[in-house]
Number of protein chains: 2
Amino acid sequence: MGTVSKALSLLTYFSRSRTEIGLTEMVKLSGINKATVHRLLSELLQHGIIEQTAEKRHYRLGPALPILGSLREAAVPIREISKKVLQLISDLTGETSHLSLLRNELLHVVSFAYSSRHGTRVTMEDGTQITFHSTSSGLVVLSFSSQDFLKKMLSKPLQKHTSLTEINSKKIEKKLLSFRKNYLAESISGFELDVHSLACPIFDSSRRCIGAVAIAAPVSRMDTSSIKVTTSALRKAAVELTNSIGGVFPEDFKNLNFNE
Amino acid sequence: MGTVSKALSLLTYFSRSRTEIGLTEMVKLSGINKATVHRLLSELLQHGIIEQTAEKRHYRLGPALPILGSLREAAVPIREISKKVLQLISDLTGETSHLSLLRNELLHVVSFAYSSRHGTRVTMEDGTQITFHSTSSGLVVLSFSSQDFLKKMLSKPLQKHTSLTEINSKKIEKKLLSFRKNYLAESISGFELDVHSLACPIFDSSRRCIGAVAIAAPVSRMDTSSIKVTTSALRKAAVELTNSIGGVFPEDFKNLNFNE
DNA sequence: AATTTTTGGTTCATTATTTGAACCTACGTA
DNA sequence: TACGTAGGTTCAAATAATGAACCAAAAATT
């Protein structure tokens with residue numbers, strides 16, 4: 001691993017639940033020597049990629065990131081484009097939709113939309129991390145991943161978020177086969193007891209699955225007819241979103257007939 | 001310069017007007033050897049900091065940046081916080097306000113707010129780069145910068161954006177003295193003929209000036225009385241914003257009396 | 001259609017930077 | 001006061017970065 005990669009890998013330890021990391025903590029997390037970590041952090045610091053808190057001298061993500069992020073958005077307005085598509089399917093289905101993309105072996109919510117049809121809704125936040133085994137987005141991405149990646153993700157300890165979270169990797173793998181065949185994954189109460197979600201895959205320019213569009217609804221509202229509406233909306237949105245980010249949907253998709 | 005810094009420095013060549021950069025072009029821009037640039041870009045590529053276009057294999061800012069940017073925002077919600085403060089002073093003054101921060105020796109708009117009082121307004125965009133010599137924000141930052149930085153910025157060729165842009169560095173330096181004394185810079189028609197702007201400095205935790213809050217209005221609306229209102233609103237906002245980003249306003253500011 | 005130029009990308013011996021065990025200093029705690 | 005832990009530093013040894021020359025392929029030019 002090159003020095004640059006090592007430095008950038010340090011950024012992956014920051015998350016919504018861990019916004020500040022001390023030097024020693026970072027050493028433990030990364031397994032890299034303290035002097036090295038310190039030097040890498042110093043370089044990132046110089047460029048505003050991270051910054052240091054005044055009190056405890058802990059590190060956190062820096063001011064350059066929102067600026068670079070908005071420059072990226074200006075160059076490739078995925079968020080903007082996807083917001084439109086997402087709003088459409090949220091309006092159509094009456095439920096919360098979201099787009100999530102892979103980054104560094106983790107899925108992140110990139111964009112989302114709400115519907116105002118119902119008084120209750122599944123809430124969402126930009127940048128949130130998504131687990132692979134307990135959400136429809138995660139599952140559909142896994143179903144299109146390499147065996148290596150799949151094994152890696154399923155061999156980690158799988159957290160039981162609810163009483164209904166499936167954590168048996170054999171059983172999960174079995175489900176993935178049909179998810180892949182249908183270009184659609186489902187998760188009922190896997191992450192939160194009251195949430196039922198459906199997801200379709202998103203592909204990049206080399207036909208690799210790099211994310212998912214999903215719709216999440218309260219369990220009680222996901223009946224047979226809304227599942228039908230949701231599924232067809234998601235399939236269309238997935239193709240549209242894949243195209244809009246310069247990706248290519250697999251050839252065979254067009255020839256499939258999903259009248260299950 | 002360390003390898004990490006070298007890699008990160010490549011990111012500075014991307015801007016709103018140059019969203020894609022080829023390998024050879026990047027070599028020219030950075031003055032670094034081609035093999036090195038290629039390796040650095042490859043490492044950034046791996047982490048999604050940049051990505052490559054399918055057609056021309058050019059490089060552009062990557063999908064990790066908006067994700068990291070929103071994580072940063074979640075950890076230190078400058079944009080969110082500043083939007084409130086900015087909206088307040090925009091409502092009060094009836095004009096467009098914005099917050100800009102230094103990154104890599106460049107000023108960028110981080111957040112802004114409009115007022116709906118008038119039919120015309122100065123328009124703004126997140127991430128826009130701001131020049132030092134022709135805007136009030138740039139000038140106020142210069143007035144609080146080190147001599148080194150000042151010389152460096154003023155020795156570059158200064159673009160004459162309008163017929164009234166001051167490009168005589170001696171004259172600019174003279175003005176900076178009073179700007180610093182007053183914690184307030186002014187620019188009339190320096191960047192656009194019809195824009196009059198005022199700016200106050202923002203400081204970080206080590207009392208270094210890292211940006212500015214500014215109000216920009218059509219020249220015709222900036223009369224003596226609105227300048228008074230604007231100035232006092234900006235001074236308050238600057239202290240508030242400085243505090244909200246964990247910065248410290250210089251001690252002497254409190255003791256000053258600005259009844260000019 | 002043939003040729004030249006320019007592009008993105010690679011190779012590998014030389015060179016310079018990164019690395020890490022041990023060390024330092026400051027602060028909080030028992 | 002003694003102890004543990006924090007962030008940060010040192011410097012010889014180890015390793016990774018570097019760059020001139022080189023490819024292959026796509027544009028541009030003839």
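Numbered from 1 within each chain, the chains take letters A, B, ... in sequence-line order.
- Across residues 18-26 of chain A, not one residue has a non-hydrogen atom less than 4.0 Å from an atom of DNA chain C.
- Between Phe144(A) atom CZ and Leu150(A) atom CG the span is 13.0 Å, to the nearest 0.5 Å.
- Partner Glu20(B) forms a salt bridge (charged side-chain N to carboxylate O under 4.0 Å, His left out) with one of Arg57(B), Arg60(B), Lys56(B) and no other, that one being Arg60(B).
- Under a cutoff of 6.0 Å and an axis angle of 45°, Lys156(B) and Phe132(B) do not form a cation-pi pair.
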Legend entry - Verdict with supporting geometry, Leu45(A) and Gln52(A), side chain to side chain contact (heavy atoms under 4.5 Å, CB included): CA-CA 8 Å; Leu45(A) 203 60; Gln52(A) 215 170 6; 3.9 Å; yes

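- Listed pair Tyr59(A) / dA6(D) fails the phosphate criterion, with no side-chain N or O lying under 4.0 Å from OP1 or OP2.
- For the side chain to side chain contact (heavy atoms under 4.5 Å, CB included) with Val213(B), the lone residue among Leu234(B), Val85(B), Val140(B) that qualifies is Leu234(B).
- Two residues are said to be in side-chain contact when any heavy atoms from C-beta on lie closer than 4.5 Å; Arg103(B) and Leu68(A) meet this criterion.
- Using a 4.5 Å heavy-atom cutoff, the side chains of Phe179(B) and Leu184(B) are not in contact.
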Inset, instruction - Could you run through nucleotides 25-30 of chain C and give me one letter per nucleotide, 5' to 3': B if any protein heavy atom sits under 4.0 Å from the base, S if only the sugar-phosphate is that close, - if neither? - result: ------

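- Sorted by first and then second residue, the salt bridge (charged side-chain N to carboxylate O under 4.0 Å, His left out) pairs with a member in residues 36-49 of chain B read Arg39(B)-Glu43(B); sequence neighbours excluded.
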Legend entry - Candidate pair His133(B) and His161(B), rule ring pair (Phe, Tyr, Trp, His ring centres under 6.0 Å), full reasoning: CA-CA 10 Å; His133(B) 68 292; His161(B) 296 103; 5.5 Å; yes

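- For dG8(C), the OP1/OP2 oxygens have a side-chain nitrogen or oxygen of His58(B) closer than 4.0 Å.
- Summary for the helix from dA1(C)-dT30(D) to dA30(C)-dT1(D): the axes at its two ends, each from 5 pairs, differ by 40° when rounded to the nearest 10 degrees.
- In this structure, Met153(B) and Glu105(B) have side chains that are in contact, with non-hydrogen atoms separated by less than 4.5 Å.
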Inset, instruction - Could you encode protein contacts along nucleotides 10-28 of chain D as a string, one character per nucleotide from 5' to 3', using B for base contact, S for sugar-phosphate-only contact and - for no contact, with a heavy-atom cut-off of under 4.0 Å? - result: B-----SSBBB--------

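- Every residue two or more places apart in sequence or in another chain was checked for a ring-ring contact (aromatic ring centres under 6.0 Å, His included) with Tyr13(A), and none qualifies.
- The phosphate of dT9(D) (OP1 or OP2) has a side-chain N or O of His38(A) nearer than 4.0 angstrom.
- Remark: the Ser17(A) side chain and the Ser15(A) side chain contain an N/O donor-acceptor pair separated by less than 3.5 Å.
- Across every non-hydrogen atom of Val109(A) and Met124(A), the tightest pair is CG2-CE, 4.0 Å.
- Of the candidates dG8(D), dT10(C), dG8(C), dG8(C) carries the atom nearest the Arg57(B) side chain, counting heavy atoms from C-beta on.
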